[in-house]
Number of protein chains: 2
Amino acid sequence: MNTLGYAILGLIHKQKVTGYDLAKIFNDSVADFWNANQSQIYPELKKLVQSELIQYEILVQGEVLEKKLYSITEKGKKALETWITEDEPPLSQSKDIFKLRIYFAEHLNKEQLLEKFKERQLRCKSLLERYKIKISEYQDSEGISPEKLGDFLLLKNAIKQLEAHISWIDDSIAYIQNK
Amino acid sequence: MNTLGYAILGLIHKQKVTGYDLAKIFNDSVADFWNANQSQIYPELKKLVQSELIQYEILVQGEVLEKKLYSITEKGKKALETWITEDEPPLSQSKDIFKLRIYFAEHLNKEQLLEKFKERQLRCKSLLERYKIKISEYQDSEGISPEKLGDFLLLKNAIKQLEAHISWIDDSIAYIQNK
DNA sequence: GCGAGCATGTAAACAGTTACATGATTCC
DNA sequence: GGAATCATGTAACTGTTTACATGCTCGC
């Protein structure tokens, strides 16, 4: 099975959800390290049902609308636990168009290069604010429940990475200006 | 045209290369923010020739072996410069299986979780060492030539990001141990 | 009644990976 | 002579994105 399948399996394990819910979750919380859109989610759910790793009950919303509420099976729980304890693949960074363009910085003049960095800086700072608001919800409460530990740790990670990225941007801007 | 095309275009602009060279470059320097393998490179080169953005001369190595040495055309230079100054797409983090598994940390016991972090830590530290060796080559020389500016800035970035990541791992290990 | 959002899916195109296939050159 | 590396490509599969297609529900 592919990673998307396990991602979905893990999310369904946390709570019963519909395909639509999954799409939302992928665009919110998980967005930092995984994502998927509807056209991937629905076929994958079908496959997971066929493999008997998940099951669904049909709920009727309003008068007619039928929605499928998915839950994990015992077989699914086992598959998930096996996968989670598997060895990690090699480290790999992702594709980043901004960095690719910076790599070709020789084709930009000083002003254009600074402009690129400053625009990125703005975006990163705005995203950082959003993460900080999100993590403040955790700092209010005392202990963190086991189900929320992963979410908390990864929020911490996202913030650290973003701060490091912004610091690099600051350094780069200073470096370019002094050139 | 897709991003890979521009990535190749930019690399060919830096110097005349063969398809084989490109594969090596993607696995070394550029590996941090872009990559591609042979089976993507050769067809893409064909397309770029058809679009007249690059051209090639045939060199004969030894007795028989013909290799194609690609260079950028004027049309290619213009296309590259247009692309580089384009607006950036929205920020996006990459898919990371390790993080996905940490997100589902509730299925790991304390020891398993610590083990995962410690293994990641080792890998990151080893990679960091490699980057530091690479950047030390720059610190020897005084000024950095324009063609190497991008490479230098991105090395700096990779190091900062890795250091932040390792620091997060350290924090996480301490946090889990005190739980 | 209307619009935003809920809800489920498919089709086609594009991007990327793994495996296959072949052969020359260089250095030891 | 053999092994590592140089060199070029294709085939099949897998994964991902964009667009299409439809209809219901809830709140105003």
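Chain letters run A, B, ... following the sequence lines, proteins first, then strands; residues in each count from 1. Hydrogens, waters and symmetry mates play no part in the numbers below; they use all other heavy atoms, side chains included.
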Nearest-Å distance for atom pair [atom1]/[atom2], residues [X] and [N]:
| X | N | atom1 | atom2 | answer |
| --- | --- | --- | --- | --- |
| A/Asn2 | D/dC13 | CG | P | 17 Å |
| B/Leu59 | C/dA24 | CG | P | 18 Å |
| A/Glu44 | D/dG15 | CD | C1' | 10 Å |
| B/Leu69 | D/dT8 | CG | C1' | 14 Å |
| A/Leu100 | C/dA15 | CG | P | 14 Å |
| B/Asn27 | C/dG16 | CG | C1' | 14 Å |
| A/Asp21 | C/dG9 | CG | P | 13 Å |
| A/Leu4 | C/dA15 | CG | P | 20 Å |

Any side-chain N or O of [X] under 4.0 Å from OP1/OP2 of [N]?
| X | N | answer |
| --- | --- | --- |
| B/Tyr20 | D/dT8 | no |
| A/Ser39 | D/dT18 | no |
| A/Lys24 | C/dG5 | no |
| B/Lys68 | D/dG9 | yes |
| B/Lys67 | C/dA24 | no |

Should A/Glu163 and A/Lys160 count as an ion pair when the cut-off is N to O under 4.0 Å? no

Considering heavy-atom distances to DNA chain D, does A/Met1 or B/Pro43 have its closest nucleotide positioned more toward the 5' end? B/Pro43

Find which nucleotide of DNA chain D each of A/Gln40 and A/Gln61 is nearest to by heavy atoms, and output the residue with the more 5' nucleotide. A/Gln40

For this output row, return yes or no: ring centroids of B/Trp168 and B/Phe117 closer than 6.0 angstrom. yes

Hey, would you say the A/Tyr6 and B/Phe104 ring centroids sit under 6.0 Å apart? no

Between B/Asp151 and B/Tyr138, is there a side-chain donor-acceptor contact under 3.5 Å, judged purely by atom types and distance? yes

Would you tell me whether B/His107 and B/Arg101 have side-chain atoms, one donor and one acceptor, within less than 3.5 Å of each other? no

Of the options D/dG9, D/dT25, C/dT18, whose atoms approach the side-chain atoms of B/Tyr70 most closely? D/dG9

Side-chain contact check for B/Leu65: nearest option of C/dC6, C/dT10, C/dT25 is C/dT25

Counting distance alone, no hydrogens or angles: does the base of D/dT8 have a donor or acceptor under 3.5 Å from a partner atom on the side chain of B/Gln38? yes

